[in-house]
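This report refers to the structure that appears directly beneath it.
Letters A, B, ... mirror the listed sequences (proteins, then strands); counts begin at 1.
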Number of protein chains: 2
Amino acid sequence: MNNKENFIKKLRSSGLRPTKQRIEICKALYERKKTFHFTIDDLNKILRKKSKEKISLATIYNTVYAFKNKNYLKEISLNTNKTYFDTNVSNHHHFLDENSNRLIDLKNSDVGKVKIKRKIPGKKIKSIEILVRISD
Amino acid sequence: MNNKENFIKKLRSSGLRPTKQRIEICKALYERKKTFHFTIDDLNKILRKKSKEKISLATIYNTVYAFKNKNYLKEISLNTNKTYFDTNVSNHHHFLDENSNRLIDLKNSDVGKVKIKRKIPGKKIKSIEILVRISD
DNA sequence: TAAGTACTTTATAATGATTCTAAAGTACTG
DNA sequence: CAGTACTTTAGAATCATTATAAAGTACTTA
(Lines give C-alpha, C1' and ligand atoms only; values in the text may rest on other atoms or scores of the structure.)
Protein backbone atom coordinates (compact mmCIF):
# COMPACT_ATOMS: atom_id res chain seq x y z
CA MET A 1 0.00 0.00 0.00
CA ASN A 2 2.13 2.82 1.28
CA ASN A 3 5.76 2.45 0.46
CA LYS A 4 8.91 4.43 0.31
CA GLU A 5 8.27 5.66 -3.21
CA ASN A 6 4.87 6.95 -2.26
CA PHE A 7 6.23 8.76 0.74
CA ILE A 8 8.91 10.35 -1.38
CA LYS A 9 6.37 11.46 -3.94
CA LYS A 10 4.07 12.82 -1.32
CA LEU A 11 6.80 14.72 0.47
CA ARG A 12 8.19 16.19 -2.70
CA SER A 13 4.78 17.16 -3.97
CA SER A 14 4.19 19.20 -0.86
CA GLY A 15 7.52 20.95 -0.97
CA LEU A 16 9.22 18.88 1.71
CA ARG A 17 12.53 17.35 0.76
CA PRO A 18 12.41 13.60 1.15
CA THR A 19 15.19 13.16 3.67
CA LYS A 20 15.83 9.80 5.24
CA GLN A 21 14.55 11.08 8.59
CA ARG A 22 11.25 12.18 7.10
CA ILE A 23 10.84 8.89 5.30
CA GLU A 24 11.54 6.96 8.51
CA ILE A 25 8.92 9.05 10.27
CA CYS A 26 6.42 8.47 7.48
CA LYS A 27 6.92 4.75 7.83
CA ALA A 28 6.42 4.88 11.56
CA LEU A 29 3.26 6.92 11.20
CA TYR A 30 1.56 5.64 8.09
CA GLU A 31 2.50 2.01 7.65
CA ARG A 32 -0.30 1.01 9.98
CA LYS A 33 -3.70 -0.48 9.62
CA LYS A 34 -5.35 1.69 12.21
CA THR A 35 -5.38 5.35 13.11
CA PHE A 36 -2.49 6.25 15.31
CA HIS A 37 -2.76 8.65 18.25
CA PHE A 38 0.57 9.69 19.67
CA THR A 39 2.71 12.21 21.47
CA ILE A 40 6.17 13.29 20.35
CA ASP A 41 7.56 11.13 23.10
CA ASP A 42 5.67 8.06 21.87
CA LEU A 43 6.95 8.62 18.37
CA ASN A 44 10.49 9.14 19.56
CA LYS A 45 10.44 5.82 21.41
CA ILE A 46 9.03 3.99 18.44
CA LEU A 47 11.66 5.42 16.12
CA ARG A 48 14.44 4.46 18.48
CA LYS A 49 13.25 0.89 18.54
CA LYS A 50 12.68 0.65 14.80
CA SER A 51 15.91 1.93 13.42
CA LYS A 52 19.50 1.90 14.48
CA GLU A 53 20.13 5.46 13.34
CA LYS A 54 18.87 7.93 15.84
CA ILE A 55 16.69 10.78 14.71
CA SER A 56 17.17 13.88 16.79
CA LEU A 57 14.27 14.94 18.96
CA ALA A 58 14.38 18.37 17.33
CA THR A 59 13.88 16.74 13.94
CA ILE A 60 10.91 14.80 15.22
CA TYR A 61 9.34 18.02 16.44
CA ASN A 62 10.13 19.79 13.18
CA THR A 63 8.75 16.99 11.08
CA VAL A 64 5.58 16.46 13.06
CA TYR A 65 4.74 20.14 12.87
CA ALA A 66 5.63 20.23 9.19
CA PHE A 67 3.28 17.30 8.62
CA LYS A 68 0.61 18.99 10.65
CA ASN A 69 0.91 22.11 8.49
CA LYS A 70 0.60 20.01 5.38
CA ASN A 71 -2.47 18.40 6.86
CA TYR A 72 -0.93 14.95 7.11
CA LEU A 73 -1.47 15.04 10.86
CA LYS A 74 -4.03 16.59 13.12
CA GLU A 75 -3.51 17.96 16.60
CA ILE A 76 -6.03 16.76 19.16
CA SER A 77 -7.55 19.09 21.76
CA LEU A 78 -6.96 17.61 25.18
CA ASN A 79 -5.72 19.20 28.30
CA THR A 80 -2.79 17.03 29.07
CA ASN A 81 0.77 18.22 29.48
CA LYS A 82 1.80 16.60 26.22
CA THR A 83 0.45 17.41 22.79
CA TYR A 84 -1.38 14.62 20.99
CA PHE A 85 -1.46 14.03 17.26
CA ASP A 86 -3.65 11.87 15.09
CA THR A 87 -2.84 10.28 11.75
CA ASN A 88 -6.54 10.37 10.93
CA VAL A 89 -7.00 13.83 9.47
CA SER A 90 -10.58 13.27 8.41
CA ASN A 91 -13.44 14.95 10.18
CA HIS A 92 -14.02 12.80 13.24
CA HIS A 93 -14.26 12.74 17.01
CA HIS A 94 -12.84 10.89 19.99
CA PHE A 95 -13.57 8.84 23.01
CA LEU A 96 -11.08 9.41 25.79
CA ASP A 97 -10.85 6.47 28.15
CA GLU A 98 -10.09 8.06 31.49
CA ASN A 99 -8.84 4.82 32.99
CA SER A 100 -6.18 4.10 30.42
CA ASN A 101 -5.92 7.65 29.07
CA ARG A 102 -6.27 6.20 25.61
CA LEU A 103 -8.02 7.78 22.64
CA ILE A 104 -10.46 5.92 20.42
CA ASP A 105 -11.68 7.26 17.10
CA LEU A 106 -15.34 7.97 16.69
CA LYS A 107 -16.30 8.06 13.06
CA ASN A 108 -18.38 11.00 12.00
CA SER A 109 -21.19 8.58 11.34
CA ASP A 110 -20.99 7.35 14.94
CA VAL A 111 -22.19 10.75 16.07
CA GLY A 112 -25.60 12.11 15.23
CA LYS A 113 -25.68 15.43 13.46
CA VAL A 114 -24.58 18.22 15.75
CA LYS A 115 -26.62 21.36 15.42
CA ILE A 116 -25.09 24.60 16.65
CA LYS A 117 -28.01 26.93 17.12
CA ARG A 118 -26.12 30.02 18.14
CA LYS A 119 -24.26 32.25 15.71
CA ILE A 120 -21.48 34.71 16.41
CA PRO A 121 -21.80 37.67 14.06
CA GLY A 122 -19.01 37.85 11.51
CA LYS A 123 -17.61 34.46 12.47
CA LYS A 124 -17.69 31.21 10.57
CA ILE A 125 -17.52 27.73 11.99
CA LYS A 126 -14.20 26.10 11.12
CA SER A 127 -14.63 22.78 12.85
CA ILE A 128 -16.61 20.96 15.48
CA GLU A 129 -14.68 18.65 17.77
CA ILE A 130 -16.36 16.33 20.22
CA LEU A 131 -14.57 14.65 23.08
CA VAL A 132 -16.51 11.92 24.84
CA ARG A 133 -14.97 10.98 28.16
CA ILE A 134 -15.60 7.40 29.19
CA SER A 135 -14.55 5.21 32.09
CA ASP A 136 -15.40 1.91 33.78
CA MET B 1 -25.10 38.41 45.62
CA ASN B 2 -21.86 36.68 46.44
CA ASN B 3 -20.03 38.19 49.33
CA LYS B 4 -17.28 37.40 51.72
CA GLU B 5 -19.55 35.60 54.18
CA ASN B 6 -20.85 33.34 51.46
CA PHE B 7 -17.37 32.52 50.29
CA ILE B 8 -16.33 31.69 53.84
CA LYS B 9 -19.34 29.45 54.28
CA LYS B 10 -18.79 27.72 50.99
CA LEU B 11 -15.12 27.13 51.66
CA ARG B 12 -15.71 25.85 55.15
CA SER B 13 -18.53 23.60 54.06
CA SER B 14 -16.23 21.91 51.59
CA GLY B 15 -13.43 21.40 54.04
CA LEU B 16 -11.25 24.24 52.83
CA ARG B 17 -10.11 26.70 55.47
CA PRO B 18 -11.19 30.18 54.56
CA THR B 19 -7.83 31.87 54.38
CA LYS B 20 -7.53 35.42 53.14
CA GLN B 21 -5.82 34.21 49.98
CA ARG B 22 -8.67 31.87 49.14
CA ILE B 23 -11.23 34.55 49.79
CA GLU B 24 -9.35 36.98 47.54
CA ILE B 25 -9.31 34.36 44.82
CA CYS B 26 -13.03 33.69 45.27
CA LYS B 27 -13.70 37.37 44.82
CA ALA B 28 -11.61 37.54 41.68
CA LEU B 29 -13.35 34.50 40.23
CA TYR B 30 -16.94 34.72 41.33
CA GLU B 31 -17.82 38.38 41.76
CA ARG B 32 -18.59 38.61 38.09
CA LYS B 33 -21.68 38.78 35.99
CA LYS B 34 -20.42 36.49 33.28
CA THR B 35 -18.62 33.20 33.08
CA PHE B 36 -14.90 33.63 33.37
CA HIS B 37 -12.40 31.68 31.29
CA PHE B 38 -8.83 32.03 32.46
CA THR B 39 -5.34 30.65 32.79
CA ILE B 40 -3.31 30.71 35.99
CA ASP B 41 -1.32 33.53 34.50
CA ASP B 42 -4.47 35.58 33.82
CA LEU B 43 -5.64 35.07 37.37
CA ASN B 44 -2.26 35.96 38.78
CA LYS B 45 -2.23 39.25 36.88
CA ILE B 46 -5.74 40.11 38.01
CA LEU B 47 -4.92 39.40 41.63
CA ARG B 48 -1.81 41.55 41.48
CA LYS B 49 -3.81 44.49 40.21
CA LYS B 50 -6.67 44.04 42.63
CA SER B 51 -4.90 43.79 45.92
CA LYS B 52 -1.75 45.17 47.39
CA GLU B 53 -0.84 41.95 49.17
CA LYS B 54 0.74 39.53 46.79
CA ILE B 55 -0.53 35.98 46.65
CA SER B 56 2.19 33.51 45.79
CA LEU B 57 1.94 31.81 42.43
CA ALA B 58 2.15 28.46 44.21
CA THR B 59 -0.93 29.38 46.24
CA ILE B 60 -2.81 30.31 43.11
CA TYR B 61 -2.01 26.93 41.62
CA ASN B 62 -2.95 25.15 44.84
CA THR B 63 -6.21 27.02 45.17
CA VAL B 64 -7.31 26.66 41.58
CA TYR B 65 -6.75 22.92 41.69
CA ALA B 66 -8.47 22.69 45.07
CA PHE B 67 -11.45 24.53 43.61
CA LYS B 68 -11.41 22.28 40.60
CA ASN B 69 -11.52 19.22 42.85
CA LYS B 70 -14.45 20.68 44.73
CA ASN B 71 -16.15 21.30 41.42
CA TYR B 72 -16.10 25.08 41.75
CA LEU B 73 -14.06 25.27 38.58
CA LYS B 74 -13.83 23.22 35.43
CA GLU B 75 -10.78 22.55 33.32
CA ILE B 76 -11.27 23.10 29.60
CA SER B 77 -9.85 20.74 26.98
CA LEU B 78 -7.80 22.75 24.55
CA ASN B 79 -4.41 22.10 23.14
CA THR B 80 -2.65 25.24 24.15
CA ASN B 81 0.48 25.41 26.24
CA LYS B 82 -1.43 26.83 29.20
CA THR B 83 -4.29 25.19 31.05
CA TYR B 84 -7.65 26.94 30.88
CA PHE B 85 -10.29 27.00 33.58
CA ASP B 86 -13.93 27.98 33.54
CA THR B 87 -16.06 29.32 36.39
CA ASN B 88 -19.08 27.85 34.66
CA VAL B 89 -19.16 24.29 35.95
CA SER B 90 -22.49 23.43 34.40
CA ASN B 91 -22.75 21.12 31.46
CA HIS B 92 -21.93 23.29 28.46
CA HIS B 93 -19.69 23.74 25.47
CA HIS B 94 -17.46 26.33 23.84
CA PHE B 95 -16.73 28.36 20.80
CA LEU B 96 -13.06 29.05 20.37
CA ASP B 97 -12.41 32.17 18.34
CA GLU B 98 -9.20 31.38 16.51
CA ASN B 99 -8.51 35.02 15.74
CA SER B 100 -8.56 36.27 19.29
CA ASN B 101 -8.02 32.88 20.93
CA ARG B 102 -10.96 33.67 23.15
CA LEU B 103 -13.52 31.21 24.49
CA ILE B 104 -17.25 31.81 24.37
CA ASP B 105 -19.77 29.73 26.30
CA LEU B 106 -22.30 27.74 24.37
CA LYS B 107 -25.25 26.85 26.52
CA ASN B 108 -26.33 23.28 26.40
CA SER B 109 -29.53 24.46 24.79
CA ASP B 110 -27.51 26.13 22.01
CA VAL B 111 -26.47 22.70 20.84
CA GLY B 112 -28.87 20.14 19.46
CA LYS B 113 -28.90 16.80 21.19
CA VAL B 114 -25.71 14.88 20.55
CA LYS B 115 -26.24 11.23 19.91
CA ILE B 116 -23.27 8.90 20.36
CA LYS B 117 -24.18 5.79 18.43
CA ARG B 118 -21.17 3.69 19.29
CA LYS B 119 -20.66 1.97 22.60
CA ILE B 120 -17.45 0.73 24.16
CA PRO B 121 -18.16 -2.46 26.13
CA GLY B 122 -17.80 -1.98 29.86
CA LYS B 123 -17.40 1.78 29.59
CA LYS B 124 -19.79 4.52 30.56
CA ILE B 125 -19.94 8.01 29.13
CA LYS B 126 -18.78 10.54 31.70
CA SER B 127 -19.14 13.71 29.69
CA ILE B 128 -19.44 15.07 26.20
CA GLU B 129 -17.47 18.18 25.38
CA ILE B 130 -17.85 20.07 22.15
CA LEU B 131 -15.39 22.63 20.89
CA VAL B 132 -16.53 24.73 17.96
CA ARG B 133 -13.69 26.56 16.31
CA ILE B 134 -14.69 29.81 14.64
CA SER B 135 -12.88 32.57 12.82
CA ASP B 136 -13.53 35.57 10.60
C1' DT C 1 -7.07 31.34 76.20
C1' DA C 2 -2.99 28.46 75.33
C1' DA C 3 -0.96 24.65 73.24
C1' DG C 4 -1.06 21.35 69.91
C1' DT C 5 -1.87 19.81 65.41
C1' DA C 6 -3.04 19.76 60.90
C1' DC C 7 -3.63 22.56 57.12
C1' DT C 8 -1.68 26.65 54.27
C1' DT C 9 1.25 29.71 52.26
C1' DT C 10 5.46 30.85 50.43
C1' DA C 11 9.91 31.38 47.94
C1' DT C 12 12.60 28.79 45.53
C1' DA C 13 14.23 24.79 43.19
C1' DA C 14 13.20 21.02 40.15
C1' DT C 15 10.94 19.03 36.26
C1' DG C 16 9.68 18.30 31.72
C1' DA C 17 7.69 19.53 27.28
C1' DT C 18 8.66 22.45 23.81
C1' DT C 19 11.26 25.96 21.19
C1' DC C 20 15.49 28.19 19.87
C1' DT C 21 20.23 28.51 18.09
C1' DA C 22 23.80 28.15 15.19
C1' DA C 23 26.86 25.03 13.13
C1' DA C 24 27.42 20.96 10.20
C1' DG C 25 25.17 18.19 6.70
C1' DT C 26 22.31 17.24 2.54
C1' DA C 27 19.14 17.80 -1.49
C1' DC C 28 18.49 20.08 -5.42
C1' DT C 29 19.41 23.49 -9.33
C1' DG C 30 21.93 25.11 -13.03
C1' DC D 1 30.57 20.39 -9.68
C1' DA D 2 29.49 24.58 -7.17
C1' DG D 3 26.25 27.21 -5.02
C1' DT D 4 22.24 27.85 -2.40
C1' DA D 5 18.56 26.89 0.27
C1' DC D 6 16.68 23.61 3.11
C1' DT D 7 17.55 20.13 7.06
C1' DT D 8 19.33 17.99 10.86
C1' DT D 9 21.42 18.13 15.09
C1' DA D 10 23.08 18.69 19.99
C1' DG D 11 22.60 21.41 23.30
C1' DA D 12 20.89 25.55 25.51
C1' DA D 13 16.94 28.36 26.64
C1' DT D 14 12.20 28.98 27.85
C1' DC D 15 8.15 28.56 30.29
C1' DA D 16 4.25 26.27 32.56
C1' DT D 17 3.70 23.42 36.17
C1' DT D 18 4.95 20.63 40.31
C1' DA D 19 7.71 19.63 44.35
C1' DT D 20 10.07 20.98 48.62
C1' DA D 21 10.49 22.29 53.05
C1' DA D 22 10.30 25.97 56.24
C1' DA D 23 7.43 29.57 58.31
C1' DG D 24 2.69 30.97 59.17
C1' DT D 25 -2.26 30.33 60.38
C1' DA D 26 -6.85 28.22 61.46
C1' DC D 27 -9.04 25.38 64.38
C1' DT D 28 -9.64 22.06 68.28
C1' DT D 29 -9.73 20.81 72.93
C1' DA D 30 -8.51 21.30 77.48
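Using a 4.0 Å cutoff to heavy atoms of chain A, the contacted part of DNA chain D runs 5' to 3' from D:dA5 to D:dA10.
Salt-bridge annotation for B:E24 and B:K50: absent, with no side-chain N of the basic residue lying under 4.0 Å from a carboxylate O of the acidic one. In summary, A:D136 and B:K124 do not engage in a salt bridge, as defined by a charged side-chain N under 4.0 Å from a carboxylate O. Under 4.0 Å is where a charged nitrogen must lie from a carboxylate oxygen, and between A:K126 and B:E98 no such pair does. Note on A:K68 versus A:E75: salt bridge recorded, some NZ/NE/NH1/NH2 to OD/OE distance being below 4.0 Å. For the pair B:D97 and A:K123, the salt-bridge criterion is met [side-chain N within less than 4.0 Å of a carboxylate O].
The only member of A:F7, A:F67, A:Y30 that meets side-chain contact (heavy atoms from CB on, under 4.5 Å) when paired with A:I25 is A:F67. Checked against A:H92 for a side-chain hydrogen bond (donor to acceptor under 3.5 Å, both in side chains), the options A:D86, A:N108, A:D110, A:T35 give a single hit: A:D86.
The CG atom of A:L16 sits 8.5 Å away from atom OG1 of A:T63, with the distance rounded to the nearest 0.5 Å. Interatomic distance, CD1 of A:I134 versus CD1 of B:I120, reported as 5.0 Å (0.5 Å rounding).
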task: Report, as a single string ordered 5' to 3', how protein heavy atoms within less than 4.0 Å touch nucleotides 14-23 of chain C: B base, S sugar-phosphate only, - not at all.
output: ---SBB----
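Residues from residues 13-28 of chain B placing a heavy atom under 4.0 Å of any atom in DNA chain D, listed by number, are B:R17, B:P18.
Here the side chains of B:K4 and B:I23 are in contact, with some heavy-atom distance below 4.5 Å.
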